[in-house]
Structures are given as structure tokens and as C-alpha cells.
Peer 1: 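Take a look at this one; I'll ask things after.
Just so you know, residue 1 is the first one in the sequence shown, and it goes up from there.
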Amino acid sequence: MTIQWFPGHMAKARRQVTEKLKLIDIVYELVDARIPQSSRNPMIDEIISNKPRLVLLNKVDKADPRVTEQWLSYYREKGIRAIAIDAQAGKGMKQIVSASNELLKEKFDRMKAKGIVKPRAIRAMIVGIPNVGKSTLINRLASKKIAKTGDRPGITQAQQWIKVGKELELLDTPGILWPKFEDPIVGYKLATTGAIKDTIINLQDIAVYALRFLTEHYPEALKARYGLENIPEEIVDLFDAIGTKRGCLMPGGLIDYDKTAELILRELRTDKIGTFTFDFPQEFNEKVSE
């Protein structure tokens, strides 16, 4: 199955982001800590050009903490400033402003040298794929509900400026995916974590991918959640075991595979199975854009 999703408003958003860059001091690139590399839109590198960038690994509470540390080390080695945050709970918020000040120190020093004693607020643009938590981050930073939030991708479809105290002005942007995933697995990872609308994908295919990944990398968590002594080698047998355990049955006792797939993905996304990271630094040997 090939997964693609590039609605018309995303193409418009890309144009709008490009137009607003001249007003921006720094770009906050928000990624999903469960898929730090797969959730980085390669188009962003082209769009933001040489603007200072701060990578924010959001939803860190849902990710494998051991692998998150590996990713932070990975970005440090690439010369990219990255912070692990949990926008929902407010973790890491203070680090965002302090890191921004560090990255922009040279620019503000130049402003002071020209006689501007008190530099203006930092103007930051938040970019990222759908459902990565941009609106939640804005609301947390602003300490009030300004941006719309939801557990569905595509909530934000327009740009808006939001003031955060006296230190920061944020430009929210709609989530932007890219027209074609060069690696089909990227589409599966995005779908598994909820970045692509469930209504346009085959949930059974996505659940199969998720189960195979968990079987390989997190088998004990999978066994514990579904009360399995052993994980069946055949994926259909694993579906049957989970469907039977959870009562996902049709008349006659047959397994309802659609219902089972929905259950698996829902429990994975809500951390009921455990905390997982689907990207590992060692898988990505190409140069990460600086």
C-alpha cells in the first residue's frame, strides 16, 4: 500500500510560509519524538533556507526515553539544537525561550550595537507535519487556549500570530506534509502515529506494520498488554490472538479484523501498550540538514 496525503490547503500553506519568512527570527521545527526523522518534512529545509532552527521533539512522554536520548545526541553531533518536550504537560517550555536567545544572541548583539538597547520580542515560526502538537505547544506557551487543538490531523488551516508574554511572538502554520514519501515505510510510521487521516488509509495494513515492528523491537510490551505467553510467528495468528482476547468477534465467532486493527492502533497511540520510538538514529546515515 502506498500512503500519500497532500490536501490543497497544504500547498497554500507552503506558499504562505515562504512569504512570511522575512518577518521571522527563528524557526521552531516541531517533530514527533516517536518518529523524529520520519516526521521531519524534507520540504522544510528548502523553505526555511538559512534561518536559525530549533528542533523540538514533542510527545516525548509517548517515546522510548532511551532512544530519545540517542536522538538528542545525534542532533548535537549534526550541529542542530534540539530539545525534548511534552507540550501537553508543559515539559521543556522554559528551555525553548532560553535556547532561542542563545541561537539569536549574535543577531541581538548587532541590534544593540546599532543603538537598539532593548531588542524586540523574538519572532518565531512554528512548522511541522499535521497532528504533531503545534497548537498544543502554542496554547501551553501562551498559558491560555488560543489555537485550536485536536487528535485529528489538519486542525489548523490558516496562519495566525500569537503573543507569548514580552519575549516571544509566534506564527502558527498549518501542518504540511510533502507530496511523495520516497521511503514507503515513512508513510506507515506517519499513519501509525496518527499524522495521516485514518479515513484515507487501510487500518489493517497499518496495524500489521505496527505489530511487526513491536514484535521485533518491543515484544515484551506486546505480550504484557495482550496476555500472550508467546508471539505467534504468523501475523494473522497474532491478529486472531488479540481479537479473541479483546472480544473483537463477528457472529459465528469469526475475528473482526477491522475492529481488531482499530483497537491495536488506538491502544498504541494512547500509550496503553507502552512507549515506543519507531525511528532509530542508526537507520539514518544521510546528513541531516543544518
Peer 1: Looking at every non-hydrogen atom in both residues, tell me the closest pair between Gly243 and Thr260 and how far apart they are.
Peer 2: CA-OG1, 3.6 Å
Peer 1: Using the side chain to side chain contact (heavy atoms under 4.5 Å, CB included) criterion, which residues pair with Ser73? Sequence neighbours excluded.
Peer 2: Arg76
Peer 1: With a 4.5 Å heavy-atom cut-off, do Ile80 and Leu54 have their side chains touching?
Peer 2: no
Peer 1: Closest heavy-atom contact between Leu23 and Arg123?
Peer 2: O-CD, 3.3 Å
Peer 1: May I ask you to check whether over 12 heavy atoms, not counting those of Glu167, lie within 6.0 Å of atom CD?
Peer 2: no
Peer 1: Any chance you could measure Leu56, atom CG, to Lys134, atom NZ, to the nearest 0.5 Å?
Peer 2: 12.0 Å
Peer 1: Are Ile126 and Leu137 close enough, and set up right, to give a side-chain contact (heavy atoms from CB on, under 4.5 Å), and what steps lead you there?
Peer 2: CA-CA 9 Å; Ile126 299 180; Leu137 174 60; 4.0 Å; yes
Peer 1: Before you tell me yes or no, could you show the steps for Asp64 and Phe276 under side-chain contact (heavy atoms from CB on, under 4.5 Å), namely the whole-Å CA-CA distance, both residues' side-chain angles and the distance that decides it to 0.1 Å?
Peer 2: CA-CA 5 Å; Asp64 183 334; Phe276 312 112; 5.7 Å; no
Peer 1: Can you see which heavy atom on Val31 is nearest to which on Val132, and at what distance?
Peer 2: C-CG2, 3.3 Å
Peer 1: Please examine the side chains of Arg81 and Glu102, heavy atoms only from C-beta on, and report whether any two atoms are closer than 4.5 Å.
Peer 2: yes
Peer 1: Measuring from Leu222:CG to Tyr218:OH, what's the distance to the nearest 0.5 Å?
Peer 2: 12.5 Å
Peer 1: Would you say that Asp61 contacts Thr275 through its side chain, given a criterion of any heavy-atom pair below 4.5 Å between the two side chains?
Peer 2: no
Peer 1: Extract all donor-acceptor atom pairs below 3.5 Å that involve side chains of residues 244-255 and protein atoms in other chains or at least two apart in sequence.
Peer 2:
residue : atom : partner : partner atom : Å
Thr244  : OG1  : Asp240  : O            : 2.7
Lys245  : NZ   : Gly227  : O            : 3.0
Arg246  : NH1  : Glu267  : OE1          : 3.3
Arg246  : NH1  : Glu267  : OE2          : 2.6
Arg246  : NH2  : Arg225  : O            : 3.3

Peer 1: Once side chain to side chain donor-acceptor pair (under 3.5 Å) is applied, do any residues pair with Asp109, and if so which ones, sequence neighbours excluded?
Peer 2: Lys105
Peer 1: Applying side chain to side chain donor-acceptor pair (under 3.5 Å), can you list everything that pairs with Lys107, at least two apart in sequence or on another chain?
Peer 2: Asp25
Peer 1: So, using side chain to side chain donor-acceptor pair (under 3.5 Å) as the criterion, who are the partners of Gln204 when residues are at least two apart?
Peer 2: Asp258
Peer 1: For a side-chain contact (heavy atoms from CB on, under 4.5 Å) check, start with the C-alpha distance between Val55 and Arg40, then their side-chain angles and the critical distance, and finish with the verdict.
Peer 2: CA-CA 9 Å; Val55 176; Arg40 295 189 78 197; 4.1 Å; yes
Peer 1: At what distance, to the nearest 0.5 angstrom, does CG of Leu190 lie from CD1 of Ile185?
Peer 2: 11.5 Å
Peer 1: Return the CG to CG distance between Leu211 and Leu238, rounded to the nearest 0.5 Å.
Peer 2: 5.0 Å
Peer 1: Who pairs with Pro219 by side chain to side chain contact (heavy atoms under 4.5 Å, CB included), at least two apart in sequence or on another chain?
Peer 2: Ile231
Peer 1: Do Asn101 and Ile122 come close enough that some side-chain heavy atom pair is under 4.5 Å?
Peer 2: yes
Peer 1: Go through the structure and list residues passing ring-ring contact (aromatic ring centres under 6.0 Å, His included) with Tyr28, not counting sequence neighbours.
Peer 2: none
Peer 1: Which heavy atom of Gly194 sits nearest a heavy atom of Asn131, and at what distance?
Peer 2: O-ND2, 2.9 Å
Peer 1: Under the side chain to side chain donor-acceptor pair (under 3.5 Å) test, which residues partner Asp271, sequence neighbours left out?
Peer 2: Lys62
Peer 1: If only atom types and distance count, is the side chain of Lys59 paired as donor or acceptor with the main-chain N or O of Gly133 below 3.5 Å?
Peer 2: no
Peer 1: Run the side-chain contact (heavy atoms from CB on, under 4.5 Å) test on Leu203 and Tyr257 for me, step by step, so that the C-alpha distance in whole Å, both residues' side-chain angles and the decisive distance to 0.1 Å come before the verdict.
Peer 2: CA-CA 9 Å; Leu203 293 185; Tyr257 291 110; over 6 Å; no
Peer 1: Does Asp279 reach the main-chain N or O of Ser38 with its side chain, forming a donor-acceptor pair under 3.5 Å?
Peer 2: yes
Peer 1: Looking at NZ of Lys223 and CG of Leu214, how far apart are the two atoms once the value is rounded to the nearest 0.5 Å?
Peer 2: 13.0 Å
Peer 1: Hey, any chance Leu141 and Val60 share a hydrophobic cluster, counting ILVMFWY side chains that come within less than 4.5 Å of each other, even indirectly?
Peer 2: no
Peer 1: Anything under 3.5 Å between a donor and an acceptor, one on a side chain of residues 87-98, the other on a protein residue two or more places apart or in another chain? List them.
Peer 2:
residue : atom : partner : partner atom : Å
Ser98   : OG   : Lys94   : O            : 3.4
Ser98   : OG   : Gln95   : O            : 3.0

Peer 1: Could you grab the distance from atom CG of Asp86 to atom CG of Leu57, nearest 0.5 Å is fine?
Peer 2: 12.0 Å
Peer 1: Ignoring hydrogens, what is the shortest heavy-atom contact between Ile196 and Gly187? Give both atom names and the distance.
Peer 2: CD1-O, 4.0 Å
Peer 1: Please list, chain by chain and in numerical order, all residues satisfying salt bridge (charged side-chain N to carboxylate O under 4.0 Å, His left out) with Glu216, sequence neighbours excluded.
Peer 2: none
Peer 1: Would you say the side-chain atoms of Ser39 pair up with the backbone N or O of Asp32, donor to acceptor, closer than 3.5 Å?
Peer 2: yes
Peer 1: For Tyr75 and Pro36, which heavy atoms make the closest approach, and how far apart are they?
Peer 2: OH-O, 3.4 Å
Peer 1: Apply side chain to side chain contact (heavy atoms under 4.5 Å, CB included) to Val208 and list each qualifying residue two or more places apart in sequence or on a separate chain.
Peer 2: Arg212, Ile235, Phe239
Peer 1: Can you check whether Gln282 reaches Tyr74 side chain to side chain, under 4.5 Å on heavy atoms?
Peer 2: no
Peer 1: Suppose we screen for ring-ring contact (aromatic ring centres under 6.0 Å, His included). Which residues come up paired with Phe213, at least two apart in sequence or across chains?
Peer 2: His217, Phe278
